[in-house]
There are 2 protein chains.
Amino acid sequence: MTSGRVTIADVARRAGVSTAAVSKVVRGAYGVSAEMQAKVSQAIDELGYRPHAAARAMRGRTYTLGVMLSDTRNPFFPDIIEGVTGHLRDTEYQVLLGPGGIEPKTQARMTDAMIDRSMDGLILISPVTTDAELAAIAAGTPVVVIGRHGGAPAYDSVVDDDVMGARLVVDHLVGLGHTRIAHITHLERARAQGLPHTVRAEGYRQAMRAHGLADDMVATSFTEEGGYEGARELLARENRPTAIFAGADIAALGVLRAADEAGLSVPEDLSVAGYDNIGIASLKRISLTSVDQDGQVIGATAARLLVERIEGRTRSVTSSVSPTLIVRGSTGPL
Amino acid sequence: MTSGRVTIADVARRAGVSTAAVSKVVRGAYGVSAEMQAKVSQAIDELGYRPHAAARAMRGRTYTLGVMLSDTRNPFFPDIIEGVTGHLRDTEYQVLLGPGGIEPKTQARMTDAMIDRSMDGLILISPVTTDAELAAIAAGTPVVVIGRHGGAPAYDSVVDDDVMGARLVVDHLVGLGHTRIAHITHLERARAQGLPHTVRAEGYRQAMRAHGLADDMVATSFTEEGGYEGARELLARENRPTAIFAGADIAALGVLRAADEAGLSVPEDLSVAGYDNIGIASLKRISLTSVDQDGQVIGATAARLLVERIEGRTRSVTSSVSPTLIVRGSTGPL
DNA sequence: AAATTTGTGTAGAACGTTCTCCACTATCTA
DNA sequence: TAGATAGTGGAGAACGTTCTACACAAATTT
């Protein structure tokens, strides 16, 4: 207590062995007798020794995995995080989350910070960066990217099949008799390729074309406010859409607000669908038809791939998770 | 690129000076000439040098602050995090979040992990621990605790005035003519003192007494499900309450679901109020009367106090933030 | 019986910083 | 002119691990 932290040298002294031996025991390395193992373990317990991560980092592992969050406010993240931490629960890896913000610059600062802290691997959720920057990061550190299509050889990817998700929504709405189906997407600031909103928008376009329908998109942002403004714009048109498919639930909530304010009842006057199936979508009051992408599975998969890569795999893997359409009260027949 | 990371020695060689000099420049320490400063800065830029945090940690600072999150799913956290990161934006500190879970054991594991990684300071959000454990942590690392009443000399505290918040709700409901006002609180597993739910419950009790009314509480959990179950129990009573004050918005959402299922309209048949004023509370569809506690201010305050403490302050500070009642459509006259 | 293999433990050099001394020069004071 | 004082730069010892090389003993093979 008084004299600072307990080090491996203290343990070695207590057990009457060398620091190298203690290190072996701690790491579970080869070449330790049962007797040595017992002696050292006892000393560790008695002294309450905990390995100093920074010192470890100087030579080997830190046993720390970083998850870069692009937008803390997105209610979809907790599922992913739960998947990641759940999968890592019984390993000695620790997960630390880095709030990267939505700006490319702040995200880059965050990933740099994580690399500076010599994390063993990084999970990047919907990073807004160029492919080149991503490849540069992945060249130095094991990386798994979530939610970005078109994987690269340098890192693993876990994606939701957003094309399929968008098609599920369009098919559902067309099946209900809708023809004027609008889509609200996220305005991309950076020249990043393969972000979910882009793919969802593309999937929407394809699905509309497949049904011989004209697409109608407005680009705001994936926020409640963005959905609200997008919907206001769409609903002000002379020939307003009868259904709005927002690329994210959070935006769909804004659409619902705009509908309420415009005196339109959902789903009688306007059908609304979202994407992500966030928790509150199931509230009776909201009852939002949405595409579910099982964040826990995505998170757990990402964690698994990352550990594999840290432990030596070099061949790149892309894991695609199929989404499901959850039909609720916000969509109905025309 | 090919030969691993750029170190302070590389910079020193390039600039033709000693590593000690480079270190001084990097740290902005005293005793550097303008010429030296320029020479070294140029070499740093040319080589793209970044200090290795782990190596720094061996001797000095890591410039890393940890925030322990007790429940990632709580929609109230993003505000706090935004406050923290916002306040730290232009400093050289980096914020890393640790998902601690709701169990005392997992939270302890998380704080230990953060200490092992020699973070310069810790912000703990509603930690579920004994005062003794908290004091032990704070003895070794600067700590600011958010959302836990009854501060201790070893750490700083930032709290919402939960007694006042509860009183605001009760006063409001009584003003509307309600007398049978129930409260849903969180069942505490651990023997932790001064957690928000406890204080809110106590504030509710006091306020009811002040109005000469009998209190009626049920303890489930601060989740949508917990609110739902608590409300089901309350609404099943022969003399059911006319207003339910949930100790957290997330639970209030569950109350709304229970009301909907029971065929009760809000606020005509039942008034519902929550606490935290989470984003979706303002959605027209939800329109939940709630107590707002400005998470951003709380987060920013915590960050400020933590930095002060890291930089030498030892006198303990407790900062209390006054909440506001936001009246919306979920509460109405009896 | 000698040679080889296997098992177990240790010495000691990294790893990339920080920071305390110390040395040197140039300026100022007596 | 000698002595003191700033101001600036550098040497080198930490910090707490990991891990390669090696030493030694015991067991096994020739």
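Given the structure is predicted, the values throughout are model-derived calculations rather than measurements. Lettering of chains follows the sequences in order, A, B, ..., and the numbering in each one begins at 1. In what follows, every heavy atom counts, from backbone to side chain, and hydrogens, waters and symmetry copies are set aside.
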Looking only at non-hydrogen atoms, find the nearest pair between A:A15 and A:A43 and report the distance.
CB-CB, 4.0 Å
Side chain to side chain contact (heavy atoms under 4.5 Å, CB included) partner of B:I298, chosen from B:D79, B:V158, B:V84:
B:V158
Please figure out whether A:V26 or B:M58 has its closest DNA chain D nucleotide nearer the 5' end.
B:M58
Nearest heavy atoms of B:M110 and B:G98, plus distance in Å:
CE-CA, 3.4 Å
Nearest-angstrom distance from the residue atom CD1 of B:I8 to P of D:dA11:
14 Å
Return the CZ to CZ distance between A:R5 and A:R50, rounded to the nearest 0.5 Å.
8.5 Å
Give, ordered by number, those residues of residues 109-117 of chain A having at least one heavy-atom distance below 4.0 Å to an atom of DNA chain C; if nothing qualifies, reply none.
none
I'd like a list of close polar pairs between nucleotides 23-26 of chain D and the protein, N/O only, cut-off under 3.5 Å.
none

Does the pair B:T64 and A:R117 meet the rule for a side chain to side chain donor-acceptor pair (under 3.5 Å), with working shown?
CA-CA 9 Å; B:T64 309; A:R117 283 155 187 76; 2.6 Å; yes
Checking B:R13 against B:D10 for the salt bridge (Lys or Arg N to Asp or Glu O under 4.0 Å) test, could you report, in this order, the C-alpha distance in whole Å, the side-chain angles of both residues, the deciding distance, and whether it holds?
CA-CA 5 Å; B:R13 207 171 306 121; B:D10 298 325; 3.2 Å; yes
Could you walk me through whether B:R61 and B:I310 satisfy the side-chain contact (heavy atoms from CB on, under 4.5 Å) test, starting with their C-alpha distance in whole Å, then the side-chain angles of each, then the deciding distance to 0.1 Å, before giving a yes or no?
CA-CA 10 Å; B:R61 293 278 138 80; B:I310 289 170; 4.0 Å; yes
Angle separating the five-pair end axes of the helix from C:dA1-D:dT30 to C:dA30-D:dT1, nearest 10°, is 50°
Just by distance, do the side chain of A:T62 and the backbone of A:S118 share a donor-acceptor pair under 3.5 Å?
yes
Show the nearest heavy-atom pair for residues B:V95 and A:P99, with the distance to one decimal.
O-CD, 3.5 Å
Need two values: the first and the last nucleotide of DNA chain C, 5' to 3', having an atom under 4.0 Å from any heavy-atom of chain A.
C:dG7 to C:dG16
With the criterion being N/O to N/O and under 3.5 Å, what pairs connect the protein with nucleotides 6-10 of chain D, and how long is each?
unit_1: D:dG7; atom_1: OP2; unit_2: B:Y30; atom_2: OH; d: 3.1
unit_1: D:dG9; atom_1: OP1; unit_2: B:S33; atom_2: OG; d: 2.9
unit_1: D:dG9; atom_1: OP2; unit_2: B:S33; atom_2: N; d: 2.9
unit_1: D:dG9; atom_1: OP2; unit_2: B:S33; atom_2: OG; d: 3.2
unit_1: D:dG9; atom_1: N7; unit_2: B:K24; atom_2: NZ; d: 3.1
unit_1: D:dG10; atom_1: OP2; unit_2: B:S18; atom_2: N; d: 3.0
unit_1: D:dG10; atom_1: OP2; unit_2: B:S18; atom_2: OG; d: 2.9

Counting N and O atoms only, with roles assigned by atom type, does the side chain of A:S23 sit under 3.5 Å from a partner on the main chain of A:T19, one being a donor and the other an acceptor?
no
Between B:D156 and B:L306, is a side-chain contact (heavy atoms from CB on, under 4.5 Å) present by the stated rule, with each step listed?
CA-CA 8 Å; B:D156 298 329; B:L306 188 57; over 6 Å; no
Those residues at least two apart in sequence (or on a different chain) that pass ring-ring contact (aromatic ring centres under 6.0 Å, His included) with A:Y93 are A:Y63
What is the minimum heavy-atom distance between B:L69 and B:I81, and which atoms define it?
CD2-CD1, 4.1 Å
Worked check of side-chain contact (heavy atoms from CB on, under 4.5 Å) between B:V25 and B:S41:
CA-CA 8 Å; B:V25 172; B:S41 297; 4.3 Å; yes
Criterion side-chain contact (heavy atoms from CB on, under 4.5 Å) on B:R148 and B:D131, from CA distance to verdict:
CA-CA 10 Å; B:R148 189 162 158 142; B:D131 285 343; 2.7 Å; yes
